[in-house]
Amino acid sequence: MSAPRRKLAVVARDAGVSISTVSKVLRAYPDVAPATRARVRDALRRAGYALESGATSNRRDESSLVDVVVATQRNGWAGEVLAGLAGLAREPGLAVVVTTVDAGEPVPRLWLEQLFARGTRGVIGIDVDFTDGQRAYLAAYEIPCVILHAGAELSLSDVLAAILDGAPPARSMAAG
């Protein structure tokens, strides 16, 4: 039997943060600085909360979703890549969730909360750039991420394999 949990107020005091910050870490909100998130997670572990990264990894491994974030643009390159990924994803029984953003605009903050809530195998960004905070969030929760930009030739099956194999968060690949 695991150690009894201490109240969040005690955890917050131990970590030097507010109760709401502890709550945000428990619910995986993205607007907590990586260093603060690590400090709170350490305090939660000491207080008897089971926060093993394996639980997050298992949930991710069981998911049949792959998130794709696409910057809208006038050329058809992103559409071709998306269609190719959707076709390849069907073979291993995956579904593709698509989020679009205006070219040059940041990926919305709410997207991370939705991503965590639904669970995902990984993220593929097409002509988008994630913020440092978003990259840190993906890294903290061990969510594989491949970022594609127009350029050199690249096999879409390699991209999907990188997600399924657990590519490091925010791995950039050039695609033609």
Side-chain angles (χ1 to χ4, degrees), residues 1-72 89 94-148 159 162-172:
M1 185 168 179
S2 64
R5 297 184 197 180
R6 288 190 272 164
K7 292 188 176 188
L8 293 187
V10 175
V11 173
R13 187 176 61 237
D14 184 33
V17 299
S18 67
I19 295 171
S20 65
T21 299
V22 174
S23 180
K24 285 180 179 183
V25 170
L26 282 170
R27 293 182 287 161
Y29 278 35
D31 60 344
V32 177
T36 302
R37 181 180 308 280
R39 195 170 67 244
V40 170
R41 288 175 62 87
D42 287 343
L44 285 163
R45 281 188 197 95
R46 288 191 302 272
Y49 287 80
L51 299 174
E52 300 310 315
S53 63
T56 302
S57 179
N58 288 342
R59 181 174 174 215
R60 178 182 53 78
D61 290 344
E62 294 169 3
S63 177
S64 63
L65 300 177
V66 174
D67 279 75
V68 179
V69 182
V70 182
T72 57
L94 301 173
V96 175
V97 177
V98 178
T99 301
T100 58
V101 297
D102 291 331
E105 293 295 316
V107 177
R109 191 175 122 200
L110 179 61
W111 169 76
L112 280 176
E113 294 173 26
Q114 294 167 337
L115 174 87
F116 189 82
R118 72 178 156 259
T120 188
R121 286 295 284 269
V123 175
I124 300 170
I126 302 175
D127 277 341
V128 297
D129 291 311
F130 296 104
T131 66
D132 290 342
Q134 290 166 333
R135 288 173 186 257
Y137 180 89
L138 294 171
Y141 288 97
E142 300 175 357
I143 298 172
C145 178
V146 176
I147 302 168
L148 303 176
V159 172
I163 293 296
L164 295 175
D165 292 342
R171 176 182 171 197
S172 290

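Just so you know, residue 1 is the first one in the sequence shown, and it goes up from there. Excluded from the calculations below are hydrogen atoms, water molecules and symmetry mates; all remaining heavy atoms, backbone and side chain alike, are included.
In this structure, CG in Leu8 is found 7.0 Å from CG in Leu44, a value given to the nearest 0.5 Å. Taken to the nearest 0.5 Å, the CG atom of Leu148 stands 8.5 Å off from the CG atom of Asp127. Atoms CD1 and NZ, on Ile19 and Lys7 in that order, are 10.0 Å from each other to the nearest 0.5 Å. Here the straight-line distance linking atom CG of Leu138 with atom CG of Leu115 works out to 6.5 Å at 0.5 Å rounding.
With ring centers used as reference points, Phe130 lies under 6.0 Å from Trp111.
Asp14 approaches Ala43 most closely through the heavy-atom pair OD2-CB, 3.6 Å. Residue Val128 comes nearest to Val70 through the heavy atom pair CG1-C, 4.0 Å, listed as atom of the first residue, atom of the second, then distance. In terms of heavy atoms, Val25 sits closest to Arg41 at CG1-CG, 3.7 Å. Closest approach of Val11 to Ala47, counting heavy atoms only: CG2-CB, 3.5 Å. Gly122 and Ile143 get closest at one heavy-atom pair: CA-CG2, 4.1 Å.
Residues satisfying the side-chain contact (heavy atoms from CB on, under 4.5 Å) test with Val97, not counting sequence neighbours, are Leu65, Asp67, Arg118. Residues satisfying the side chain to side chain donor-acceptor pair (under 3.5 Å) test with Arg39, not counting sequence neighbours, are none. For Ser18, the side-chain contact (heavy atoms from CB on, under 4.5 Å) partners are Ser20, Thr21, not counting sequence neighbours. Ser23 pairs by the side chain to side chain donor-acceptor pair (under 3.5 Å) definition with Arg27, not counting sequence neighbours.
Residues Arg13 and Val22 fail the side-chain proximity criterion, which asks for heavy atoms closer than 4.5 Å. Considering only heavy atoms from C-beta on, Val101 comes within 4.5 Å of Pro108 through its side chain. A 4.5 Å side-chain heavy-atom check between Val68 and Thr99 finds every atom pair outside the cut-off.
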Run the side-chain contact (heavy atoms from CB on, under 4.5 Å) test on Ile126 and Val69 for me, step by step, so that the C-alpha distance in whole Å, both residues' side-chain angles and the decisive distance to 0.1 Å come before the verdict. CA-CA 6 Å; Ile126 302 175; Val69 182; over 6 Å; no

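Looking only at distances, a side-chain donor or acceptor of Gln134 sits under 3.5 Å from a matching main-chain atom of Val107.
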